[in-house]
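Bear in mind the structure is a predicted one, so any value in this text is a computation, not a measurement. So that the names make sense, note that chain A is the first sequence line, chain B the second, and so on, each numbered from 1.
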Amino acid sequence: MPDVARDLLGKHLIHVIDGQRIGGMVVEAEAYGGWDDLGSHGHGRVTPRNQVMYGPTGMSYVYFIYGNYWMFNVVAKPPDVDYAGAVLIRALEPLEGDSVMAANRSQRPRRKWTNGPAKLAMALGIGKSLNQHDLIDPKSPLFFEEGTLIPDEHVETGPRIGLESVPEPWRSIPWRFWIEGNEFVSR
DNA sequence: ACGGAGATCTTCT
DNA sequence: GAAGATCTCCGTT
């Protein structure tokens, strides 16, 4: 699963709205596991919200949090196993549909369009209606394309963000991956 | 530039 | 009933 997060770096995420392509390159991603990962929505029981995390790899998992924000994930788990997993896309580098993203981000500076998980969802117009879609199928409204291969020497890793109240070792496990020096990484 | 607090509501216990 | 995979605003440095 962490391997999927790392491999998503450099891929292009594209959302097509009325024939208009909006998207960017993945520059930061985090892996989340199943029942034993206390930092993941996949821990504990199957619920209406997390059930998609138990499904096939490559589906979207979009959830709402903090009363205002949408988070976009890719389901990623070992095949043929009853175990949940997902990868949170934390940041993109804008590539297509600049005018739409600028409008969606209230004319903020380009650097702040997609440098955070909720920000990129706002910029690309990702919400509840895009939950549980096939992200591998180019006919989907939201999908991944091949992008730039990122060599290992340009990949950095560290603990996941926002899990301050989660017990060790889950709080510190280095399942956050980002492209070294990229200005759109969230922090 | 940095830090702290409020916003706001869905989901699960 | 409480917490949450966050962002923005407003204060101070």
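When the nearest nucleotides of DNA chain C are assigned to A/Ser165 and A/Lys112 by heavy-atom distance, the more 5′-ward of the two goes with A/Ser165.
The CG-C1' distance, from A/Asn68 to B/dT10, rounds to 12 Å in whole Å. Rounded to an integer number of Å, the gap from A/Tyr63 OH to B/dT8 C1' is 16 Å. Taking atom NE2 of residue A/His43 and atom C1' of nucleotide B/dT11, one finds them 12 Å apart after rounding to whole Å. Between A/Arg111 atom CZ and B/dA1 atom C1' the separation is 13 Å, expressed in whole Å. Taking atom NZ of A/Lys128 as the reference point, atom P of B/dC9 lies 14 Å away to the nearest angstrom.
Put simply, the side chain of A/Arg160 gets close to the backbone of A/Trp170: a donor and an acceptor are under 3.5 Å apart.
In this structure, the side chains of A/Ser186 and A/Arg176 come closer than 4.5 Å at one or more pairs of heavy atoms. With a 4.5 Å cut-off on side-chain heavy atoms, A/Phe184 and A/Arg110 count as touching. At a threshold of 4.5 Å between non-hydrogen side-chain atoms, the residues A/Val100 and A/Ile17 do not count as touching. Taking the side chain as every heavy atom from C-beta outward, A/His41 and A/Met71 never approach each other to under 4.5 Å.
Taking both residues in full, the closest heavy atoms of A/Tyr54 and A/Gly42 are given as OH-O, 3.3 Å, listed atom of the first, atom of the second, then distance.
Residue-level contact check: A/Arg108 touches the backbone only, with heavy atoms under 4.0 Å from sugar-phosphate atoms and none from bases. At a threshold of 4.0 angstrom between heavy atoms, the contacts of A/Tyr66 include nucleobase atoms, whether or not backbone atoms are also involved. At a threshold of 4.0 angstrom between heavy atoms, the contacts of A/Gly44 with the nucleic acid are absent. As judged by a 4.0 angstrom heavy-atom cut-off over every strand, A/Arg105 is placed among residues touching the sugar-phosphate backbone only. Looking at heavy-atom distances under 4.0 Å, A/Gly67 makes contact with a base. At a threshold of 4.0 angstrom between heavy atoms, the contacts of A/Arg49 are confined to the sugar-phosphate backbone, with no base atom among them. Within the nucleic acid shown, A/Leu163 comes within 4.0 Å of sugar-phosphate atoms alone, with no base atom in reach, counting heavy atoms only. Residue A/Arg45 is classed as having no contact, given no heavy-atom separation below 4.0 Å to the nucleic acid.
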Check against salt bridge (Lys or Arg N to Asp or Glu O under 4.0 Å), A/Glu146 and A/Lys11 | CA-CA 5 Å; A/Glu146 291 307 311; A/Lys11 296 276 191 295; 3.7 Å; yes
From CA spacing to verdict: side chain to side chain donor-acceptor pair (under 3.5 Å), A/Tyr63, A/Asn131 = CA-CA 8 Å; A/Tyr63 70 88; A/Asn131 192 29; over 6 Å; no
Given salt bridge (Lys or Arg N to Asp or Glu O under 4.0 Å), test A/Asp152 with A/Arg6 step by step and report yes or no.
-> CA-CA 9 Å; A/Asp152 285 346; A/Arg6 185 257 174 269; 2.8 Å; yes
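Here the range on DNA chain C touched by chain A, meaning any atom under 4.0 Å from one of its heavy atoms, is C/dG4 to C/dC9.
Annotated stems with DNA chain B as a participant read B:1-7 with C:6-12, B:9-12 with C:1-4, given as range with range, by first number; only runs of 3 or more Watson-Crick or G-U pairs under 3.5 Å qualify.
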